[in-house]
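Worksheet: one structure, shown below.
Computation of the quantities below employed the complete heavy-atom set of this structure, encompassing side-chain atoms and omitting hydrogens, waters and symmetry-equivalent molecules. A, B, ... follow the sequence lines: proteins, then strands. Residue 1 opens every chain.
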There are 2 protein chains.
Amino acid sequence: MTTIRDVAEAAGVSIATVSRALHGLPRVSDATRQRVLAAAAELRYVASPSAASLASGQTNAVGVVAPFINRWYFAAVVHSAEERLRKAGFDLLLYSLGTDVQERHRAFSGTLLSKRVDAVLVLGLHPTADEVAALSAVGGPVAIVGAKVPGWASVRIDDEAAARSAVRHVLDLGHRRVGFIGGDDPLRTAMPAERRAGYRAELIAAGLPVHPELEAVGEFTVRSGYAAAVRLLQLPEPPTAIFAASDEMAMGAVQAARRAGIAVPRDLSVIGIDDHEMAELLDLTTVAQPVVAQGVLAAEMLLGALVEPDGEPHSVTVPTELVVRGTTGPAPRRG
Amino acid sequence: MTTIRDVAEAAGVSIATVSRALHGLPRVSDATRQRVLAAAAELRYVASPSAASLASGQTNAVGVVAPFINRWYFAAVVHSAEERLRKAGFDLLLYSLGTDVQERHRAFSGTLLSKRVDAVLVLGLHPTADEVAALSAVGGPVAIVGAKVPGWASVRIDDEAAARSAVRHVLDLGHRRVGFIGGDDPLRTAMPAERRAGYRAELIAAGLPVHPELEAVGEFTVRSGYAAAVRLLQLPEPPTAIFAASDEMAMGAVQAARRAGIAVPRDLSVIGIDDHEMAELLDLTTVAQPVVAQGVLAAEMLLGALVEPDGEPHSVTVPTELVVRGTTGPAPRRG
DNA sequence: GTGAAAGCGCTAACAA
DNA sequence: TTGTTAGCGCTTTCAC
């Protein structure tokens, strides 16, 4: 293995000079720097990250903690964050948790992250006070996407407002019986509750009653959205519009309606949240949230905090936008 | 920061004993081990990975090199591989390349991976001889998913056979004019070429001519599949069936047909490859490939090679399966 | 502008 | 069964 010593010998300098030259530090003459660079390239020298970390206390890695990586939203955010971080010279350590409580605990306790990363990016999770304390104790800056935590930088949409604008859209179309398909919250992300709150708030603001039987809960998946829609559509007095807390669930709902011979949007309007990459294909009306921007923004907040550890962490709410497509339409005339 | 020295003091033993006790090595009395474990827990001690790596030469991390992480197939494989690797105590370093040639070069040259990981998992890329040499020089075992490389462990489907079975299905339904939507190959993955070869081979085996104008190439995306289908359907003599090299492209093709007023499957049959998570929802006929199995298998091959470095790397081809759904049907009568 | 040397926190060989 | 000690390869201070 090529070490810094080999490079030093080849260039005829000390290892200290090699280190300085390779890091672009001052106090190295141009001639020397060139010689070192040439020797390093010649020998294909790559510094040992372990040794560098041990000596410097910096890992040049960022940990990403997310519940899933194989869900559109998370994959998109991770992808954009990774791109930004790598450009800044950081590696990405991935911790996708699934719904396993054990895993979640290990990730947040610091066992996995302590001394391993310079900063942490949390996605789509709403940590408890204990978890916040534990992760903060790891040492580096933490940024969170999809929730707001005091002391941490955060990027998110206003989930309640997004839900309200979705519901408002169908109310504007004349719908008065609006169903809700929400997700349960095994990872305690808070997001599902906020979207439900928005749904209810908008109904109330319109002077409409909140009917618990019009609310169905499942997972944030197509399949679960399908099942939830089936339940809603079998009600004695089914909704004429369904607001689903995610596009994946909305897609399932559209499919359920079609299979039941209920025409969308003639007999049933469906709206989701996300603007999933398949939403356009399926002609789904939705409230779009910017995923790339959230990933990049969070990455940059981390980068900023790494440079300036004492800066106040920012909390940014990015805008959502109603995207009207073909799954919503005027409320059907009363039968 | 708590170091091994603190634990040693608290337990009243030497640091060597702490190390042994924590690693479950023999030559530690039960009583001592208990005391050490208790002290470590009490102090919330977490060993420094950098120091451990430097001293032991092992990083306990696996690098995953993939072109995209935000594509269904890759996300699914990474997810399952990560789960398996983490269970074995390994961290995951993510390198998603995009289509940037520079990035690809950096990843394969070893600059990013050298001394950073114990093993590498390559997904959906077909490295050149130079790249194989460079990555092999990094030192640890390498496993590849979706291609076969001499000297590396590999897991994949038989892309040509998968394509042939898709084409056979529509031929069996009586179609004689079968279009192909393929993907170009900026990352040189070989996969697109094999699927096209399978398409042609099956036509020839059925005694049918190969019409270049029936082959459309784009990216592996819904949008690109849509555009390609539009081109095929505008031909003077359009195909009655389309085989797309991925489900995402097939979904785009279905949408293009519907928008053009062409009924699926009455006027046009469409079949893809993958069994994408949305395929069932969209009632898409496809050739399914097992994603979780591929991720887990590749991870286990790596784990095995780490334990037994001199074992012969295995090369596994996992089976695919035709899944007939609603987008394929009998060929329309000749007009 | 350059080099010598002291660690960083741990593992592993060896000694006791 | 336990402790001592020599590194692992690098960064960083300090002296020159």
N/O donor-acceptor pair under 3.5 Å between E308(B) side chain and G304(B) backbone: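 No: the side chain of E308(B) does not pair with the backbone of G304(B).
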With no hydrogens and no angle check, is any side-chain donor or acceptor of R33(A) less than 3.5 Å from a backbone partner on L25(A)?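 Between the backbone of L25(A) and the side chain of R33(A) there is a qualifying donor-acceptor contact (under 3.5 Å).
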May I ask you to evaluate whether [X] reaches the phosphate of [N], defined as a side-chain N or O under 4.0 Å from OP1 or OP2?
X: T17(A); N: dG3(C); result: yes
X: S19(A); N: dT11(D); result: yes
X: S14(A); N: dG3(C); result: yes
X: T32(A); N: dT2(C); result: yes
X: S53(B); N: dC10(C); result: no
X: S29(A); N: dT2(C); result: yes

Sugar-phosphate, base or nothing in reach of S50(B), heavy atoms under 4.0 Å: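 Here S50(B) touches no strand at all.
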Single hit among L94(B), L113(B), L123(B), L93(B) for side-chain contact (heavy atoms from CB on, under 4.5 Å) with V65(B):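 The passing option is L113(B).
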Verdict with reasoning, S315(B) to S154(B), per side-chain hydrogen bond (donor to acceptor under 3.5 Å, both in side chains): CA-CA 5 Å; S315(B) 176; S154(B) 70; 2.9 Å; yes
When the distance from OH of Y45(B) to C1' of dC10(C) is rounded to whole Å, what number comes out?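 Y45(B) atom OH is separated from dC10(C) atom C1' by 7 Å.
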5' priority, DNA chain D, between R27(A) and R5(A) [closest heavy atom]: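 Of the two residues, R5(A) wins.
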